[in-house]
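For the single chain, residues carry numbers from 1 onward in sequence order.
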Amino acid sequence: MKRVTLIGDCIRQDYQPTVRDELADVAEVWGPKETIKTTRDVLAHLDKWVLRPRPDLFHFNCGLHEIRRFRPGDPQTVPLPEFRRNLDQIFLRIREGSETAITWAHTTPIFHERRDRINTYGRLDSDVREYNAAASEVAAGYGVRIVDLHRRTHESGMARYMARNGLHFTPEGYVMLGKAVAQAIRQELHVGVDSPTETAYAK
């Protein structure tokens with residue numbers, strides 16, 4: 001059996017059970033119980049979670065906590081230049097220190113039609129898009145497969161799959177995300193058969 005480690009925020013925590021079920025025939029899937037908020041957290045635990053245990057594949061996402069603003073006019077929690085540097089260090093250390101494969105999940109959308117009823121400044125989809133674009137550029141330099149959960153959510157239907165707070169997902173939505181992540185992991189591990197429908201969301 002392959003060993004797969006999943007790291008990330010609350011979105012990851014809630015799609016992880018689907019990933020585990022979808023990969024039950026090929027991999028043991030593990031992820032920490034706690035929410036991993038930013039790339040700072042990933043860097044701080046990289047030795048413990050990836051470099052020492054050396055899983056076959058490391059899948060992670062960060063973003064919703066990176067872009068968070070606590071007051072109007074505040075900068076993001078992790079500014080974009082630091083986000084780029086942190087991602088670069090994570091990818092570099094894994095590539096140089098292990099044979100572990102990597103997949104990265106783009107941050108999911110902010111559904112402003114719903115979110116703005118709660119908070120108009122804390123998280124912005126324009127920031128999500130900017131950080132996802134930066135992640136694409138950094139990942140490309142290391143040949144990291146991207147699971148574009150932002151696009152997947154838009155094309156599948158935000159109104160159907162996203163929760164009333166415009167940030168999280170319905171149970172059905174987490175299943176949708178988990179299946180997309182599991183398919184990309186299968187592709188990266190070279191197990192199973194690619195599905196044309198699903199491969200559109202991994203590049």
[X] side, atom [atom1]; [Y] side, atom [atom2] - distance, nearest 0.5 Å:
X    : Y    : atom1 : atom2 : value
I36  : H45  : CD1   : NE2   : 6.0 Å
T77  : E82  : OG1   : CD    : 10.0 Å
M158 : F111 : CE    : CZ    : 4.5 Å
I110 : L167 : CD1   : CG    : 5.0 Å
H112 : R114 : NE2   : CZ    : 13.5 Å
T107 : L64  : OG1   : CG    : 5.5 Å

Residue E34 excluded, over 12 heavy atoms near CD under 6.0 Å: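 Enclosed.
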
Worked check of side chain to side chain contact (heavy atoms under 4.5 Å, CB included) between L6 and V29: CA-CA 7 Å; L6 267 60; V29 176; 3.8 Å; yes

Return the minimal non-hydrogen interatomic distance between [X] and [Y], and the atom names on each side.
X    : Y    : answer
N165 : R115 : O-CD, 2.9 Å
L43  : R93  : O-NH1, 3.9 Å
M1   : E28  : CE-N, 4.2 Å
P55  : V50  : CD-O, 3.5 Å
R123 : I67  : CB-CD1, 4.0 Å
Y131 : P79  : OH-C, 3.4 Å

Check against side chain to side chain contact (heavy atoms under 4.5 Å, CB included), R84 and E137: CA-CA 9 Å; R84 284 178 176 271; E137 293 175 5; 2.9 Å; yes

Considering only NZ, NE, NH1 and NH2 on the basic side and carboxylate oxygens on the acidic side, decide whether [X] and [Y] come within less than 4.0 Å.
X    : Y    : result
R68  : D74  : no
D127 : R69  : yes
R160 : E172 : yes
D125 : R129 : yes

Common cluster, [X]/[Y], ILVMFWY with side-chain heavy-atom separation under 4.5 Å:
X    : Y    : answer
W49  : F91  : yes
L149 : V175 : no
Y142 : L57  : yes
L92  : F58  : yes
F83  : L124 : no

Check: F169 ring centre within less than 6.0 Å of Y174 ring centre: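 Centroid distance F169-Y174: below 6.0 Å, so yes.
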
Can you check whether [X] reaches [Y] side chain to side chain, under 4.5 Å on heavy atoms?
X    : Y    : result
R95  : I102 : yes
I90  : V144 : no
T153 : L177 : yes
R117 : R164 : no
P32  : I7   : yes

Using only atom types and a distance under 3.5 Å, with no angle test, would you say the side chain of [X] pairs donor to acceptor with the backbone of [Y]?
X    : Y    : answer
R40  : E66  : no
T5   : G31  : no
Q13  : G8   : no
T120 : D116 : no
E22  : G178 : no
D56  : V4   : no

Derivation and outcome, side chain to side chain contact (heavy atoms under 4.5 Å, CB included), residues H168 and I11: CA-CA 7 Å; H168 298 111; I11 304 296; 4.0 Å; yes

Candidate list V138, V147, D148, L87, test side chain to side chain contact (heavy atoms under 4.5 Å, CB included), partner W104, passing option: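 With W104 as partner, side chain to side chain contact (heavy atoms under 4.5 Å, CB included) holds for just one option, L87.
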
T38 and H65: side chain donor to acceptor below 3.5 Å: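 H65 and T38 do not have a side-chain donor-acceptor pair below 3.5 Å.
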
Side-chain donor-acceptor contact under 3.5 Å, R12 with Q16: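 Checked: R12/Q16 side chains pair up, N/O donor to acceptor below 3.5 Å.
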
Candidates T108, N61, T35 - the one meeting side chain to side chain donor-acceptor pair (under 3.5 Å) with D9: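 Single side chain to side chain donor-acceptor pair (under 3.5 Å) partner of D9 among T108, N61, T35: N61.
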
